[in-house]
Amino acid sequence: MSSEGTQPLGRARPQETPAVAAPLLRRGMGNLATVAAHLVLMTWTVFVAFPFLWMVVTSFKTDQEIFFSPWRLPSALRWENFARAWTDASIGRYFLNSLIVVTGAMVLTLLCASMTAYALARFDFPGNRILYYCFLAGLMFPVFLALVPLFFVVRDLHLVGTFQGLIIVYTAYSLPFSIFFLHGFFRSLPGEVAEAAIVDGASPYRVFFDVMLPMAQPGLVAVGIFNFLGQWNQFILPLILMPNPDRYVLSQGLAFLAIQRGYESDWSALFAGLTITMLPTLIVYVFFQRRVQQGLTVGALKG
Amino acid sequence: MHHHKYRLIIPFVLPSALIYGVFVLWPYAQALYFSLTRWRGFSRNRPFVGLDNFERMLDDRLFWNALEHNALMLVVLPSATVALSLLFSALIAQGGRGLRGAEIYRIVSFFPQVMSAVVIGVLWSFVFHPNIGVLNGFLRVIGLGSLQRTWLGDPQWVLWAIALVAVWSSVGFFMILFIAGMQSIPTDLYDAATVDGASRWRAFFGITLPLLRDHLQVAFVFMGLSALDLFALVQVMAENGGPSRAADVIARYMYDLAFNKSQFGYATAIGVVLLILSLVLSVLVVQLTQRERIEF
């Protein structure tokens, strides 16, 4: 289902393909129908956007305003809420922890996955297929099945509560999809350039790092975005593998705060913290919006 | 030559294979064995008890309570999400070029998909909050103050609140998926239908839906699997499974048994049940959609 399913995503812009609608339009998509369509879609869009907007506005309010005038704009922009969230509520520390873990895991994932996908896609050797399907099998199982044994494996290696432990586990669980995706990508690359480089006497390593990897850049970007979102948003793995509150990652720390701060009732800092937490993902989304949409939907059709 | 080849293959494959083997394959393989042991606490003593853990599940009220909630979600989430996203994508893709501003609908509705379930859950637990929540505030403003609830503190509402959030965050994703699918359908099919005098309605059910089979398959499998999970949302929005465990789900119950109560053997057995359920679900969806194709 991959080939037929993914091809149209490249041109997923509705206004680029009026052809589909044309015959129906010819009979007239009435004005009334258009208005109704807009109304329905707009209602949903407002419904989706409203909680986010409410959150951002609320994060500038005082606790009094949050309680007693929920529908009014803040009387002044309380930037200090963000400072309090960043330092007192440790959002800053969680943010940094997430950054360390995800950066490490992304580098390791992309390196391991591209090398392995390349070797499996371009070289014939006994056991090649078996290895490939072993990696694919990881896409099928719910992570919950592995939780208990995984915890003990990580504990026996003395990696519980460490950044290295999280990095390597994130990588391990990102490999199946990444290898699968890049395998297809390396297969589709033309071989001539690499062959020319070999004739010129380049070592197999140089062929990979200087020729093939640059050619695979679009695939690496797609896998990179996919993994960034998956790893930045990861919750269950740090929950069992990172018991040390100083090293909580962002999603874990936020869940912890939501429970703890609720009792302490520093609502404005909580709202500010939530807003800060959303920023990196929002930025990635705004800049790579179409690529993110394509990457995630292509991933769905292939997986 | 051969020697050369393996000098690349071995260092390129070995690190991945090692990491993957140790942290993914080995735990999965061990899980099947752990589920057949009685293993409590951190002792290394794990007596083999056969299928005892699975027998225990049959009488475990809390397990069935959680499973019922998953079953309900398994019906509600895929149908609600697919229905809404089909409607919206049909309005955008078949509304023609006249539907200006469709871009903004797509961008905004997709956004929750990139946020973590934790962020979404915390955000919505604020929305539903009895005092500071915007939902009760809204009801007060429009004069329906009598409808105010504690929502997440109310056993009648908590699971539905979580279902709403799950649908809210997924519709945009499947909308994009379906729009792409609809745009890949060849135009002449619709031309033929128009010649035959088919209504837009019939063109949708007769042409669009059957040709979206692969996309629908993906949507049902994905939403089904997320209905079997729901861990993060429940963990954040309904601490300990909510009031009277009214929103407990298997994944959370399993996590609780393992990491709060140290009942590792029994928890892993529940993990095995989760695996079986997801496999059955995938096979079932594929089977059902295959049959549709023959009818068409």
Side-chain angles (χ1 to χ4, degrees), chain A residues 1 5 8-9 12 14-15 17-21 23-25 29 34 37 40-41 45 48-49 51 54-55 66-67 70-71 112 115-116 119 123 125 138 141-142 144-146 148-150 153 169 171-172 175 204 229 233 235 240 251 254-255 258 267 274 277-278 281 285 289 293 297 300-301, chain B residues 5 8-9 12-13 15-16 19-20 23-24 27-28 30-31 34 88 91-99 102 105 107-110 114-116 118-119 122-123 127 132 134 137 141 176-177 180 183-184 187 190-191 194 200 214 218 231-232 236 251 254 258-259 264 267-268 271 274-275 278:
Chain A
M1 85 180 133
L9 286 167
Q15 50 277 48
T17 46
V20 175
L24 296 168
L25 263 184
M29 169 92 178
T34 312
V40 170
L41 291 164
T45 306
V48 171
W54 175 67
M55 169 199 75
I66 291 175
F67 270 94
W71 284 89
C112 285
M115 293 195 313
T116 306
F123 295 89
F125 58 92
F141 299 112
F144 282 89
L145 179 60
V148 169
L150 175 67
V153 167
V169 171
T171 304
L175 280 177
L229 291 173
N233 293 339
F235 181 50
I240 63 163
S251 57
L254 188 74
W267 288 102
L274 193 58
T277 309
M278 282 197 191
T281 335
Y285 183 59
Q289 181 259 125
Q293 289 187 357
T297 40
L301 277 174
Chain B
K5 195 167 86 172
L8 178 125
I9 292 171
F12 269 36
V13 172
S16 298
I19 293 175
Y20 181 72
F23 294 99
V24 181
Y28 278 125
Q30 277 179 298
F34 285 179
F88 299 150
L91 289 178
I92 288 179
Q94 310 220 343
R97 57 150 64 92
L99 209 64
Y105 301 140
I107 295 175
V108 174
S109 356
F110 191 86
V114 301
M115 303 304 309
S116 81
V118 172
V119 168
V122 172
L123 174 61
V127 171
I132 64 154
V134 78
V141 166
I176 304 285
L177 192 73
Q183 285 173 346
S184 68
T187 323
Y190 289 98
D191 281 329
T194 330
R200 191 176 299 137
D214 284 350
V218 167
F231 174 79
V236 173
M254 188 217 134
F259 296 98
F264 297 112
T268 311
L274 207 54
L275 167 72
S278 8

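Chain naming here is simple, since letters A, B, ... match the order of the sequence lines and numbering starts at 1 in each.
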Participant: Specify the closest pair of heavy atoms between A:S251 and B:V118, including all atoms of both residues, with the distance to one decimal.
Facilitator: O-CG1, 3.3 Å

Participant: Between chain A and each of B:V24, B:L274, B:V141, count heavy-atom pairs under 4.5 Å; write down the option with the most.
Facilitator: B:V24

Participant: Looking at B:A258, B:G271, B:A267, which one has more heavy-atom pairs under 4.5 Å with chain A than the rest?
Facilitator: B:G271

Participant: Using non-hydrogen atoms and a 4.5 Å limit, figure out which bit of B:S109 sits close to chain A: side chain, backbone, both or neither.
Facilitator: both

Participant: Verify the ring-centre separation between A:F144 and B:F231: is it less than 6.0 angstrom?
Facilitator: yes

Participant: For a quick test of reading the model, state the closest non-hydrogen atom pair linking A:A172 to B:F23 and the distance between them.
Facilitator: CB-CB, 3.7 Å

Participant: Measure the spacing between CD1 of B:I107 and CD of A:Q289 and express it to the nearest 0.5 Å.
Facilitator: 4.0 Å

Participant: Go through the atoms of B:M115 and report whether side chain, backbone, both or neither lie under 4.5 Å from a heavy atom of chain A.
Facilitator: both

Participant: Taking side chain as everything from C-beta outward and backbone as N, CA, C, O, which of these in B:F34 sits under 4.5 Å from a heavy atom of chain A? Side chain, backbone, both or neither.
Facilitator: side chain

Participant: Below 4.5 Å from any heavy atom of chain A, which atoms of B:F110 appear? Answer side chain, backbone, both or neither.
Facilitator: both

Participant: Please name the pair of heavy atoms, one in A:W54 and one in B:I132, separated by the smallest distance, quoted to 0.1 Å.
Facilitator: CZ2-O, 3.6 Å

Participant: Counting only N and O atoms by type, is there a donor-acceptor contact under 3.5 Å from the side chain of B:S16 to the main-chain atoms of A:C112?
Facilitator: yes

Participant: Pick from B:A251, B:S278, B:A232: which one has the most heavy-atom pairs with chain A under 4.5 Å?
Facilitator: B:A251

Participant: Taking B:Y105 as the fixed residue, which of A:V48, A:L41, A:V40 is the one that meets the side chain to side chain contact (heavy atoms under 4.5 Å, CB included) rule?
Facilitator: A:L41

Participant: Below 4.5 Å, heavy-atom pairs only: which of A:L229, A:L274, A:T277, A:V169 has the largest tally toward chain B?
Facilitator: A:L274

Participant: Tell me, side chain or backbone of A:Y285 under 4.5 Å from chain B's heavy atoms, or both, or neither?
Facilitator: side chain

Participant: Using non-hydrogen atoms and a 4.5 Å limit, figure out which bit of B:V236 sits close to chain A: side chain, backbone, both or neither.
Facilitator: side chain

Participant: What residue, out of B:F88, B:F259, B:F12, has the most heavy-atom pairs lying under 4.5 Å from chain A?
Facilitator: B:F12

Participant: Give me the atom names and distance for the closest heavy-atom approach of B:Y28 to A:A146.
Facilitator: CE2-CB, 3.6 Å

